[in-house]
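Numbers here simply count residues along the sequence, with the first being 1. Both ligands and their constituent atoms are indexed starting at 1 by order of listing.
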Amino acid sequence: MRVLQHRGQESAGIAVYNNGIKALKGMGLAHQALRADDLHNLKGETGIGHVRYSTVGSSSPENAQPVVMSTNYGDIALAHNGEIVNGDQLRDGLKKKGWAFATTSDSEIIIRMLANDISNTGDPVRSVKNVMASLIGSYSITLMVDSRVFALRDPLGIRPLCVGRTKGGYAAASESVVFDTLGGEFMRDVEPGELVELLPGEIRSTKTGLARGKAHCMFEWVYIARADSCLDGHLVYDVRRRIGQCLAREQPVDADVIVPVPDSGRSHSMGYAETSGIPYSEGLMKNRYVERTFIMPEQNDRTTSVMLKLNPLKSVIKDKRIVLVDDSIVRGTTMRQIVQLVRNAGAKEVHVRIGSPPIRMPCYFGIDMKTRDQFAATGRTVEDIARMLTADSLGYISIDGLVDAIGHSASDLCLGCLTGEYPLPVEGEKVRFQKKLDSFA
Ligand code: AMP
């Protein structure tokens, strides 16, 4: 779980089968949430784990995962990454039928529906298909039904999920880096709409028949995933480097030094330096003991922790024209402070280059970017944003450039936060590929 800690830092949990499913959960990073002694006593042949980054439901102990329930059929545990867009409707509909819910998380809805269906069918595979048919949204899920372990991916493959071999058999994980680190072997991505069961000697695949094309989240390659993971056939590091190369072609600037924003802008900066020919140098030192700042739900926490996290190297920066390269700007709070840090360290000019196009629209599929007014780019031109950041210039990669760098076609990606056109119906938003009315004229 610590290998995937970058994906969520609010809570962590693990569930294993040992004469029934037993779970251990807590708030914070995995090593804080799960005490070594308790883990030592939690023995089982199969298990699932989760680190949480909340998008729906508060960051609280009762929303920690895996969620475990007991049914007539047996025990069930579920760990979910993603977001169910029709969660509120499903919950309201079920409440009207007399169902009760204990938490605000959308994952509870899925497990309750599964528990109910499995009690009726007695067949987990059939029940997963039944439940998937009524879910709209993104979900990469690991599921235990007593000792059986399943992994399933939503019909558009929005969030990542893959399978591989480990010393003890087979496992599923959000990112391939898990298998490198555990001394296992990455095998393949789980396909959109696919359900796999991890058996001792085989991975049994069931196509649910629900797959409807692809809509992989672009933000995984830009920021969320680790650079050494390979997602849906494309190594994240290579994608980020290509983004940097493209950014240098699209947004060139006369400058003396490329300074990466650690750690998220590192690989993008390498690419920018390679193509521009401008030297690359570490100019901001990072305190590695301060976690990812986005995860802190309060904006105030985020602001102070940027100063705690980064310290400029004056010898690299003083009297130089600096290009700061980072992966993305969401609220702009972090970059504004970094520009100030670099200016205070004596930079002559500060140019900002960003490895994703302006994020202007909310994400409904698993990234906690919910309201338009929080985005730096909402209602502002690039020049306005540059002024807000106090930067001498600002340049974003284009959507076409980003799509090229990722290496999947635009129709296989979710670009909703950039274009406002989403791969699934969301109330009040446009659906991608929808023809404009005048195109029917
Ligand atoms: P900001 O200060 O909001 O512009 O964000 C600074 C960094 O945190 C950028 O690298 C963003 O990609 C990342 N970030 C901001 N908000 C989120 C979020 N809600 N979820 C994940 N990453 C985020």
| request: Going by the side-chain contact (heavy atoms from CB on, under 4.5 Å) test, name the single residue among I224, V236, V239 that passes it with L231. | output: V236

| query | Taking the six-membered ring of F101, is the NZ or CZ of R91 close enough (under 6.0 Å from the centre) and on axis enough (within 45°)? | reply | yes

| note | Nearest non-hydrogen contact to atom 16 (N) of ligand 1 from the set K370, M369, R331 belongs to R331

| query | In ligand 1, which numbered atoms sit nearer than 4.0 Å to a non-hydrogen atom of S328? | reply | 9 (C), 10 (O), 11 (C), 12 (O)

| field | Ligand-residue contact atoms, ligand 1 with G332, heavy atoms, under 4.0 Å | value | 1 (P), 2 (O), 3 (O), 4 (O)

| Would a distance-only check, ignoring hydrogens and angles, find a side-chain to backbone donor-acceptor pair under 3.5 Å from N311 to M285? | no

| Side chains of T371 and D373: do they bring a donor and an acceptor to under 3.5 Å? | yes

| Pairwise distance CD1(I258) to OG(S269) - rounded to 0.5 angstrom | 7.5 Å

| message | Below the 3.5 angstrom mark, is there an N/O of F219, backbone or side chain, next to an N/O of ligand 1? | response | no

| task | Only heavy atoms count here, so choose which of I329, D327, I354 is nearest to atom 10 (O) of ligand 1. | result | D327

| field | Distance filter under 4.0 Å to I367 heavy atoms, resulting ligand 1 atoms | value | 20 (N)

| query | Between CG of L152 and NE2 of H80, what distance do you get to the nearest 0.5 Å? | reply | 9.0 Å

| field | T333 neighbourhood, listing ligand 1 atoms whose heavy-atom distance to it stays under 4.0 Å | value | 2 (O)

| note | If we number the atoms of ligand 1 from 1 as shown, the ones under 4.0 Å from a heavy atom of T334 are 1 (P), 2 (O), 5 (O), 6 (C)

